[in-house]
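Here the structure comes first, spelled out in structure tokens, and everything after it is commentary.
Computed over heavy atoms, backbone and side chain alike; hydrogens, waters and symmetry mates excluded. Naming convention: chains lettered A, B, ... in sequence-line order (proteins, then strands); numbering from 1 in each chain.
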There are 2 protein chains.
Amino acid sequence: MSGMGRPARISRDDVLRASMAIADSGGLGAVTMQAVARRLGVTPMALYRHVTNKADLLDALVEGLLTEFPLPAADLPWDERLRGLGRSIREVARRHPSLFPLLLQRPAATPESRRVRDAACAALEEAGLGAAQARRAERLLSTVVLGFAVSEAAGRFRDHPPSVIEEDFGCLERVIGQVLEGLVRPQERRAEHW
Amino acid sequence: MSGMGRPARISRDDVLRASMAIADSGGLGAVTMQAVARRLGVTPMALYRHVTNKADLLDALVEGLLTEFPLPAADLPWDERLRGLGRSIREVARRHPSLFPLLLQRPAATPESRRVRDAACAALEEAGLGAAQARRAERLLSTVVLGFAVSEAAGRFRDHPPSVIEEDFGCLERVIGQVLEGLVRPQERRAEHW
DNA sequence: ACCTGAACACCGTTCAAGT
DNA sequence: ACCTGAACACCGTTCAAGT
């Protein structure tokens, strides 16, 4: 397809992996074109062949967070699938605490985020919600889970022992479970408000 | 108290106000020591007399967000006070969309954040929760409200018309109201899980 | 096609000097 | 006490040049 020229010494994937490692160990501020280049043994200008600029680099990094975990097995009951999704996302936040907060500041309409969103919507529809109801529930649910994971990863709860925060999350899971149950069972009068 | 020397041309408050205006109109990236100085008609080095460095400047700015709204009147019923708090915070997010996301990434233990937190805890205790229960409920509630406000301010919902997002928030308010009601009324069996 | 060298406009921050 | 000028080490990014 393409005339070959000189063989590439680094790939776009190398650039992304090096940037991710720097972000994880040194924080977002340490992700610098020069730092990434140094780690790859190359000059900063070489990066621009594989990445259009720094904003593009960060975009790719943040999007990649959403492909780091597998979607829950489709044969699990819907409530377990939702729980699994929430826990996976929380683990990603712990693994990449400096990048993760950016996830809450991006449009929820990229291909990668759609993949996760559709999995959640499918589970919610299987629970008995209509399509529009499911999409609304997914927006609120993802906001809650991302908000908690960002808070935790960024250290907003740093004054509390981990066991307390763990129990906070358990609490959140139970409350969400109850709310969804109430939505699904028709005999509960509250469902009509949605 | 202090030997007077030369009269000051700018104050710390001038620096903060100028920085806030720049952040609101040009985004976080536009907040630069040189940009702030230019707006004040002074050289960048003059700022360091009133602010220890740029991190300190941003800290002060973010903390200031929490003093921009009045706490709800103490004679209102507890549920209206919580609702008022949530709406005030959401308005702050709209006013300062580029600074607001930083709020979710900071320890919730500064004097300014304590002021808001204590108001929420007081309302929750008045609702009938014990002290520890109230603090946990406040952590979760603030996470949910901040998460929603950040999402909104940062444009995560930009693909949906404002009316849909408005109804999302109304939905959130109702669900929270129902959960708190369930917690408070002893005859509901769910309360024991908390 | 891929990488480098040199260059540019910008950062934050310091230090000694002026008033 | 407050501000400035000059300076330093660092940014992101471009462009022409090498292989």
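Listed by chain and residue number, B:R90, B:R94 satisfy the side-chain hydrogen bond (donor to acceptor under 3.5 Å, both in side chains) test with B:E152 (two or more places apart in sequence, or in another chain). Shown here are the side-chain hydrogen bond (donor to acceptor under 3.5 Å, both in side chains) partners of B:R17, two or more places apart in sequence or in another chain: B:D13, B:D14. By the side chain to side chain contact (heavy atoms under 4.5 Å, CB included) test, A:R83 is found to be paired with A:D79, A:R87, A:E173, residues two or more places apart in sequence or in another chain being considered. The salt bridge (Lys or Arg N to Asp or Glu O under 4.0 Å) check on A:E68 picks up A:R95, with sequence neighbours excluded.
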Contact pattern, 5' to 3', of nucleotides 10-19 of chain D - B, S or - by protein heavy atom under 4.0 Å: -SBBB---BB
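Checking the phosphate oxygens (OP1, OP2) of D:dA1, no side-chain nitrogen or oxygen of B:H50 falls inside 4.0 Å.
Applying the ring pair (Phe, Tyr, Trp, His ring centres under 6.0 Å) test to residues at least two apart or on different chains, the pairs with a partner in residues 105-156 of chain A are A:F148-A:F157, A:F148-A:F169. For residues 19-78 of chain A, no pair satisfies ring pair (Phe, Tyr, Trp, His ring centres under 6.0 Å), with sequence neighbours left out. Sorted by first and then second residue, the ring pair (Phe, Tyr, Trp, His ring centres under 6.0 Å) pairs with a member in residues 5-47 of chain B form an empty list; sequence neighbours excluded.
Rounded to an integer number of Å, the gap from A:L47 CG to C:dT4 C1' is 12 Å.
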Would you sketch DNA chain D in dot-bracket for me? Only Watson-Crick or G-U wobble pairs with both distances under 3.5 Å count, crossing pairs as [ ], other-strand pairs as |, the rest as dots. ||.|||||...|||||.||
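Within the 4.0 angstrom heavy-atom criterion, base atoms lie near B:A46.
In this structure, B:R117 places its CZ atom where more than 12 heavy-atom neighbours from other residues, nucleotides or ligands lie under 6.0 Å away.
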